[in-house]
Amino acid sequence: MAGIQKSPWIWMDGAFVPWDEAQVHVLAHALHYGFGVFEGIRAYQRADGRSAIFRLREHMQRLSDSARIMTLPLPYSVDTLTAAVLETCAKNGLRSCYIRPIAFSGYGALGVGTLDNPTVVAIAVWPWGAYLGEEGLNNGVRIKTSTFSRPHVNSQLHKGKVIGHYVNSILAKREANAEGYSEALLLDTNGYVSEASGENVFAVIGDTLYTAPFSGPILGGITRDTLITLAAEEGIGVKEMSLTRDTLYLADEVFMCGTAAEVTPVREIDRRVVGSGTRGPVTKRLQERYFDVVRGADDRHDQWLSFYEPQS
Ligand code: PPE
């Protein structure tokens, strides 16, 4: 697997440091127990050549909310972090990139109950192509229902994007990949569809979209929210409800969405072909709307964009 493509600078605790120097001690608390929060954001070069970060403010607000619900002290305001992300993108000269802000419990004491370690905050950016492949974006991917469940709503705080939560996603993803699938679908502890290892999930049945309710064990995806808005504009109804796996098997179309995966059609689940077995028409329409908003010529949602000038 190709390694991460380095950029010149990483913002770390308020200053820019060269990529190779953005390091922490091996006894940093988060490395041992997963106590930290992060974000995944994308910047796109638009049709007019300008670069813009998609829904930056909402992502940084979610980072702050994640820290708050975890009781992780976050030493910077949403405003400061938002400005820092823009500066990091500009300073690294990237026209489009993936952005990874992270805040975690750093070096000091060890032990689960540690309270006083400093929080380390960093923002890194690098080019990242289609998360589940270009072919997947165009023709859909094959996924499998995981043998692992999304933890009960009282076991993890799913509205936070928390580092430690991702061990559950990794178990599911590695199992799915080892069996030749691109992605894992996780059910909740009642057996209903929650989300994929790194995406929210939608079913298209007739002219309506169905997706797991916000109240369940899912991340409140910003892409999910974006697509609900775009669907309404397209006259497509959206219902949030508990879905069984066989509802997905019988759906006309299924797709997954997230910042990294964007809008990825699902063509097969558990060896059952979904709908026509390729990207369906509603998925295609929403995918086109999404790409038009983030990087195309559709300027109706420019309030979602934060423009920056890449430095050469
Ligand atoms: N659920 C999970 C579990 C999840 O990790 C993501 C994003 C989403 C839903 C969609 O959220 P949003 O990006 O706000 O629409 N997953 C991020 C990390 C992927 C990774 O492998 O790292 C992402 O898409 O950036």
Side-chain angles (χ1 to χ4, degrees), residues 1-4 34 36-44 53-66 85 96-102 104 122-133 136-137 141 143 146 148-151 153 155-174 176-177 182-188 193-202 209 211-231 240 254-264 266 286-287 290-291 293-294 304:
M1 193 164 173
I4 194 164
V37 300
F38 69 107
E39 272 304 319
I41 317 172
R42 274 190 193 270
Y44 292 90
I53 303 173
F54 188 59
R55 302 195 74 174
L56 170 60
R57 180 92 201 170
E58 290 91 327
H59 279 283
M60 299 322 284
Q61 183 61 53
R62 189 171 67 187
L63 185 81
S64 168
D65 291 347
S66 296
V85 169
S96 59
C97 58
Y98 186 80
I99 304 159
R100 171 54 53 83
I102 187 166
F104 58 92
I123 301 162
V125 299
W126 66 90
W128 201 357
Y131 186 66
L132 296 170
L137 278 180
V141 297
I143 69 173
S146 186
F148 299 98
S149 301
R150 246 323 168 232
V153 287
S155 295
Q156 287 183 348
L157 303 176
H158 298 272
K159 295 301 165 275
K161 197 165 169 64
V162 178
I163 299 172
H165 288 6
Y166 279 80
V167 172
N168 176 244
S169 281
I170 288 170
L171 285 170
K173 180 90 173 187
R174 287 170 80 102
N177 286 166
S182 299
E183 187 48 287
L185 172 71
L186 288 113
L187 306 179
D188 65 23
V193 172
S194 62
E195 59 184 346
S197 78
E199 302 89 8
N200 292 113
V201 177
F202 282 84
L209 289 184
T211 195
F214 187 77
S215 56
I218 64 165
L219 184 69
I222 290 168
T223 319
R224 174 184 181 276
D225 178 75
T226 301
L227 292 174
I228 290 172
T229 304
L230 297 180
E240 294 188 33
V254 172
F255 62 83
M256 305 183 293
C257 68
T259 299
E262 298 161 316
V263 182
T264 300
V266 173
L286 289 171
Q287 202 184 41
Y290 183 74
F291 282 128
V293 168
V294 297
W304 282 338

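Computed from a predicted model, the values in this text were never measured in an experiment. Both ligands and their constituent atoms are indexed starting at 1 by order of listing.
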Distance-minimising heavy-atom pair for Leu137 and Glu262: CD1-OE1, 4.0 Å
Test of understanding: with salt bridge (charged side-chain N to carboxylate O under 4.0 Å, His left out), list the residues that count as partners of Arg174, not counting sequence neighbours. none
What distance do Phe291 atom CZ and Leu286 atom CG have between them, rounded to the nearest 0.5 Å? 12.0 Å
Extract all donor-acceptor atom pairs below 3.5 Å that involve side chains of residues 164-173 and protein atoms in other chains or at least two apart in sequence.
{"residue": "His165", "atom": "NE2", "partner": "Leu157", "partner atom": "N", "Å": "3.4"}
{"residue": "His165", "atom": "NE2", "partner": "Leu157", "partner atom": "O", "Å": "3.1"}
{"residue": "Tyr166", "atom": "OH", "partner": "Lys161", "partner atom": "NZ", "Å": "2.8"}
{"residue": "Asn168", "atom": "OD1", "partner": "Arg150", "partner atom": "NH1", "Å": "2.6"}
{"residue": "Asn168", "atom": "ND2", "partner": "Ser149", "partner atom": "O", "Å": "3.0"}
{"residue": "Ser169", "atom": "OG", "partner": "Arg150", "partner atom": "NH1", "Å": "3.3"}
{"residue": "Ser169", "atom": "OG", "partner": "Arg150", "partner atom": "NH2", "Å": "3.2"}
{"residue": "Ser169", "atom": "OG", "partner": "Ser197", "partner atom": "O", "Å": "2.7"}
{"residue": "Lys173", "atom": "NZ", "partner": "Ser182", "partner atom": "O", "Å": "3.2"}
{"residue": "Lys173", "atom": "NZ", "partner": "Glu183", "partner atom": "OE2", "Å": "3.4"}

Distances under 3.5 Å, N/O of ligand 1 against N/O of the protein: list each pair and its distance.
{"residue": "ligand 1", "atom": "1 (N)", "partner": "Glu195", "partner atom": "OE1", "Å": "2.7"}
{"residue": "ligand 1", "atom": "5 (O)", "partner": "Lys161", "partner atom": "NZ", "Å": "3.2"}
{"residue": "ligand 1", "atom": "5 (O)", "partner": "Tyr166", "partner atom": "OH", "Å": "2.5"}
{"residue": "ligand 1", "atom": "13 (O)", "partner": "Thr259", "partner atom": "N", "Å": "2.9"}
{"residue": "ligand 1", "atom": "13 (O)", "partner": "Thr259", "partner atom": "OG1", "Å": "2.6"}
{"residue": "ligand 1", "atom": "14 (O)", "partner": "Arg62", "partner atom": "NH1", "Å": "2.8"}
{"residue": "ligand 1", "atom": "14 (O)", "partner": "Arg62", "partner atom": "NH2", "Å": "3.0"}
{"residue": "ligand 1", "atom": "14 (O)", "partner": "Ile222", "partner atom": "N", "Å": "2.7"}
{"residue": "ligand 1", "atom": "15 (O)", "partner": "Ile222", "partner atom": "N", "Å": "3.2"}
{"residue": "ligand 1", "atom": "15 (O)", "partner": "Thr223", "partner atom": "N", "Å": "2.8"}
{"residue": "ligand 1", "atom": "15 (O)", "partner": "Thr223", "partner atom": "OG1", "Å": "2.5"}
{"residue": "ligand 1", "atom": "16 (N)", "partner": "Lys161", "partner atom": "NZ", "Å": "3.2"}
{"residue": "ligand 1", "atom": "16 (N)", "partner": "Gly198", "partner atom": "O", "Å": "3.3"}
{"residue": "ligand 1", "atom": "21 (O)", "partner": "Tyr131", "partner atom": "OH", "Å": "2.5"}
{"residue": "ligand 1", "atom": "22 (O)", "partner": "Arg100", "partner atom": "NH2", "Å": "3.1"}
{"residue": "ligand 1", "atom": "24 (O)", "partner": "Thr259", "partner atom": "N", "Å": "3.3"}
{"residue": "ligand 1", "atom": "24 (O)", "partner": "Ala260", "partner atom": "N", "Å": "2.8"}
{"residue": "ligand 1", "atom": "25 (O)", "partner": "Tyr98", "partner atom": "OH", "Å": "2.5"}

Output side-chain donor-acceptor pairs under 3.5 Å for residues 214-226, partner residues at least two apart or in another chain, one line each.
{"residue": "Thr223", "atom": "OG1", "partner": "Thr259", "partner atom": "N", "Å": "3.2"}
{"residue": "Arg224", "atom": "NH2", "partner": "Ala212", "partner atom": "O", "Å": "2.9"}
{"residue": "Arg224", "atom": "NH2", "partner": "Glu240", "partner atom": "OE1", "Å": "3.0"}
{"residue": "Asp225", "atom": "OD2", "partner": "Arg55", "partner atom": "NH1", "Å": "2.8"}
{"residue": "Asp225", "atom": "OD2", "partner": "Arg55", "partner atom": "NH2", "Å": "3.0"}
{"residue": "Thr226", "atom": "OG1", "partner": "Arg55", "partner atom": "NH1", "Å": "2.9"}
{"residue": "Thr226", "atom": "OG1", "partner": "Ile222", "partner atom": "O", "Å": "2.7"}

Over 60° means perpendicular and under 30° means parallel, so classify the ring planes of Phe54 and Trp304, tilted if in between. perpendicular
